[in-house]
Amino acid sequence: MKAKVHVTLKAGVLDPQGKAIGNALHGLGFAAVKDVRQGKYIELELDERDPLKARETVERMCKSLLANTVIENYRIEVDGA
Amino acid sequence: MKAKVHVTLKAGVLDPQGKAIGNALHGLGFAAVKDVRQGKYIELELDERDPLKARETVERMCKSLLANTVIENYRIEVDGA
Amino acid sequence: MTAAARPAHGKNEPTITPEIVRDHGLKPEEYDRVVQFMGREPSMVELGIVSVMWSEHCSYKSSRRWLRTLPTKGACVIQGPGENAGVIDIGDGQAAVFKMESHNHPSFIEPYQGAATGVGGIMRDVFTMGARPVANLNALRFGAPDHPKTRHLVAGVVAGIGGYGNCMGVPTVGGECNFHPAYNGNILVNAMTVGIAPKDRIFYSAAAGVGNQVVYVGAKTGRDGIHGATMASAEFSDDSEAKRPTVQVGDPFTEKLLLEACLELMATDAIVAIQDMGAAGLTCSSVEMADKGGLGIELDLDRVPVRETGMSPYEIMLSESQERMLMVLKPGTEALARRVFEKYELDFAVVGHLTTTGRLVLKQGGKVVGDMPVKPLVEQAPQYDRPFVATQAPAPLDAAALPMPKDPIAALKALVASADLCSKRWIWEQYDHLVRGDTVIRPGGDAALVRVGDGPKGLAVTSDCTPRYCKADPRTGGAQAVAEAWRNLTAVGATPLAVTDNLNFGNPEKPPIMGQLVGCIQGMGEACTALDFPVVSGNVSLYNETSGEAILPTPVIGAVGLIADITKAATIAPKGPGETLVLVGATQGWLGQSVYLREILGREDGAPPPVDLAAERRNGDFVRRMIASGLVSACHDLGDGGLLVAAAEMALAGNLGITLVAAP
Amino acid sequence: MRSAIVVFPGTNRERDMALALRRATGREPAIVWHRGEELPKVDLIVLPGGFAHGDYLRCGAMAAHSPIMAEVKKRAAEGVAVLAVCNGFQAACEAGMLPGVLMANASLKFVCRDVYLRVERSLRPFTGRYNAGTVIRVPVAHHDGNYYADKETLDRLEGEGRVLFRYSAPSGDLLDAHNPNGSARFIAGIVNERGNVLGMMPHPEDLVDPVMGGSDGFGLFQGLAESLAA
């Protein structure tokens with residue numbers, strides 16, 4: 001069972017990476033870039049067949065480790081749930 | 001116009017981050033975790049209305065900066081294209 | 001030699017065709033020699049093993065004949081070339097262990113990972129001998145600053161070196177970085193590591209003890225980094241070529257654990273022999289361990305920790321995955337060793353044992369998939385005495401014939417702003433040069449100085465080479481590189497002890513390029529002998545050439561010296577106004593091949609300045625005595641840019657002004 | 001003063017910290033592995049610099065979940081002093097012992113050089129030996145030292161006098177050119193509400209000896225030794 005997690009910074013939180021990438025893109029002539037935000041994309045292979053149980057497990061993983069819930073949001077995609 | 005880019009390591013390329021996260025999750029009792037791969041998720045705000053042109057621009061951004069095409073793949077999502 | 005049947009082999013093993021042999025870098029007559037000592041055609045994994053053992057990188061086939069001419073003996077030398085790193089005595093029962101290695105080609109393809117894995121590899125060479133790494137240096141050469149790829153390569157290489165070295169907690173304290181169009185297609189990334197070990201606890205790679213277990217520790221094996229010769233093997237695994245990234249990805253976190261686990265186990269006496277898996281991974285380490293011990297070795301490939309499924313014997317034996325070591329343990333110590341590696345959450349697998357057969361035997365799925373004699377892999381490695389054409393040194397330049405600069409200060413500004421001579425603070429501030437709390441002299445001086453233990457002793461380290469001198473006159477250039485390293489160690493007050501080297505050259509099959517290599521080695525040999533400065537380790541990187549355009553001959557010298565009391569060391573910064581500046585050594589106004597000639601007059605001609613080794617030694621010993629006596633406030637070696645630039649660098653370092661008075 | 005230094009897999013500055021503590025207290029600090037080892041009764045616990053777990057995922061994220069951290073948090077809650085430097089500061093924030101987050105440096109580059117710190121408050125056991133307003137020179141060596149917290153947290157930190165160090169010019173002025181990583185309000189070091197946990201990015205332990213280039217950092221260790229002398 002494959003699960004995908006997107007961890008992104010909450011709105012308003014400082015994003016040094018995004019800002020720096022934006023500047024670099026402008027430096028390379030990509031004037032159309034107005035804003036850049038960089039987050040983490042994590043693919044998990046789980047030994048679990050029940051999609052609902054898988055989603056619940058990944059939820060706990062996000063809360064305890066994968067995301068710093070003070071400054072980050074997370075979004076979980078599980079095939080079939 | 002909003003564009004989303006997923007940058008992930010090519011198959012077979014060692015993912016030290018994924019390996020360390022996997023071990024940490026096992027340490028926290030998440031035994032069901034078999035494999036973890038970590039990649040980048042980038043959201044771009046573009047001053048561009050034509051989705052096809054936007055996709056083409058983001059393609060060039062990926063090749064020149066956002067992805068290290070020697071060891072990484074990239075996937076682009078543009079609303080409407 | 002019984003003509004054994006060809007062992008069972010991979011799923012769809014092709015017959016060996018001349019193309020496959022050529023793709024494995026072997027000449028037809030060399031392949032015949034393989035068939036001769038095997039008594040039959042080799043299997044693919046056997047051919048792969050030969051190709052790697054007889055590659056330039058492992059066998060030094062184009063250079064060994066000349067490397068033997070270098071002086072490798074000396075009062076301080078405990079172990080010269082031939083082991084993972086050189087070992088020298090630094091007194092009080094301690095030894096310095098050091099070496100330099102290059103990762104030029106991978107760094108051009110993927111600068112971050114290429115440079116990072118280069119640093120990781122050289123550190124393993126040092127701690128595999130039982131030494132705690134205490135200082136890293138790197139010598140970098142890039143193309144012209146305005147070349148389209150240069151900015152990307154510099155950013156990636158510097159970030160990669162920092163990314164790996166900083167995580168390992170080894171301070172990066174010195175090195176060089178310069179730019180020249182000749183490196184546009186071939187950058188140079190040479191990494192050096194210096195470690196310290198108890199003199200009586202140095203670990204070598206010679207296997208011993210028939211029946212002793214062969215243990216694999218560290219990261220898992222993947223398909224990464226298998227050399228170009230993989231095309232032939234592509235048909236073996238059922239996956240496509242895309243499955244086999246040729247770029248190795250480094251994991252400094254795993255290597256930090258491997259370092260601590262190895263040093264912890266080395267404090268016990270469980271280890272008989274140990275070797276890091278560097279170039280050609282499991283092949284080089286197992287063959288060299290068996291050969292040096294005069295024994296055979298049997299490996300069960302099913303027990304090798306792998307991170308991908310369905311790996312063929314070829315891929316397992318030739319994989320260059322990083323952060324792995326091979327060890328031979330004393331009987332009964334497996335449990336102790338396993339506990340140490342499990343503490344650090346590292347793989348620990350018994351993958352074979354030593355035998356008396358003098359053969360390398362590989363098993364997979366219970367079947368023999370490889371069975372070959374060890375001795376010929378090492379002793380029958382080809383050794384070429386390549387034809388060479390010595391470089392004709394240009395005539396010395398008549399300095400008087402050159403136009404005087406209208407404004408010397410304007411010329412000085414241009415020189416100190418040039419890519420080669422400008423401050424490299426923008427690079428070394430990305431390296432942690434303070435971790436371990438022993439850095440006495442930080443980057444930016446003539447040599448870095450690192451305290452040994454609680455002091456007062458200190459190790460001075462530097463890396464030097466002036467490639468444009470070597471291009472014009474290889475022999476003088478080779479001697480100058482050694483002399484400048486010797487001088488830089490002296491400039492901080494240290495006694496020079498020994499050197500390692502990284503010989504970067506173009507295609508040795510071209511006589512003029514071979515002539516450069518021979519000339520530089522001869523020059524190095526003369527200087528090392530005259531200065532009692534033996535070579536204890538080194539690396540050769542050849543074929544640095546793209547579409548016929550070779551790099552400048554770059555014999556980089558990495559040197560180590562010792563100072564008895566770090567509080568008496570000298571730096572380039574004068575301490576206050578009113579101090580007198582004294583120039584030691586004759587000034588002949590030599591402008592041939594000078595940075596001034598290139599940067600100001602746009603010319604690269606004339607003979608390089610001659611090297612007077614007797615004067616070098618006399619002046620150096622004098623300066624060292626003055627520094628030890630405490631009379632000297634600051635000291636700086638005159639190199640690129642000569643007196644004017646050296647004086648400017650001292651003034652800047654001391655935040656003072658300097659008045660130079662021309663002789664009456 | 002008895003002290004213990006916690007070592008996570010990937011920590012690499014425990015030796016520098018041990019040198020500084022030995023110099024200030026004449027005693028050998030205990031070096032405690034993050035798993036399976038007892039944290040002895042001590043007056044000071046140190047979370048040192050390094051790359052715990054390779055700094056993978058987020059700096060200090062996995063260290064914060066190490067077995068030993070539960071005990072460290074318990075001792076801190078009982079009032080034991082905790083010095084969390086660089087990677088240690090990141091782990092302390094991830095473990096909720098200190099507010100805010102250490103993000104990537106604004107330059108996105110690793111930075112290793114001397115910086116100047118203005119001591120904002122003379123607070124035992126940490127900055128008792130310095131006067132408020134003093135400017136000291138200590139090195140930084142990090143890639144993710146860009147301190148961030150929301151406005152309310154920053155205002156509370158300043159209001160309650162919990163900012164102990166700010167990056168400044170040698171003169172003490174707060175100038176962007178002297179902020180090595182882009183930290184909010186030039187913050188370099190903060191304490192928790194109770195004032196017994198100090199997190200700071202710079203490395204005072206690397207400048208405690210004139211032979212090594214300076215000793216401005218030694219005051220922190222002398223202050224600890226005096227205030228916490230058992």
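Lettering follows sequence order; numbering is per chain, from 1.
- Contact count against chain A (heavy-atom pairs under 4.5 Å) is highest for D:L108 among D:N105, D:L108, D:D150.
- Between D:M62 and A:L65, the shortest heavy-atom distance links the atoms CG-CD1, 4.0 Å.
- When heavy atoms are compared at a cutoff of 4.5 Å, A:V13 approaches chain D by way of both its backbone and its side chain.
- No more than 12 heavy atoms of other residues, nucleotides or ligands sit less than 6.0 Å from atom CZ of D:R124.
- For chain D, the nearby part of A:I71 is the side chain; its heavy atoms alone come within less than 4.5 Å.
- Looking at A:A67, only its backbone comes within 4.5 Å of chain D, counting heavy atoms on both sides.
- Closest non-hydrogen pair, D:A104 versus A:Q17, comes out as CB-OE1, 3.8 Å.
- Ranked by heavy-atom pairs under 4.5 Å with chain D, the first of A:V70, A:N23, A:L14 is A:L14.
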**OP:** Verify side chain to side chain contact (heavy atoms under 4.5 Å, CB included) between A:D15 and D:M103, making sure each step is shown before the conclusion.
**Re:** CA-CA 8 Å; A:D15 179 5; D:M103 315 276 285; 5.8 Å; no

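- Proximity to chain D at a heavy-atom threshold of 4.5 Å picks out A:K40, A:I42 from residues 33-51 of chain A, in numerical order.
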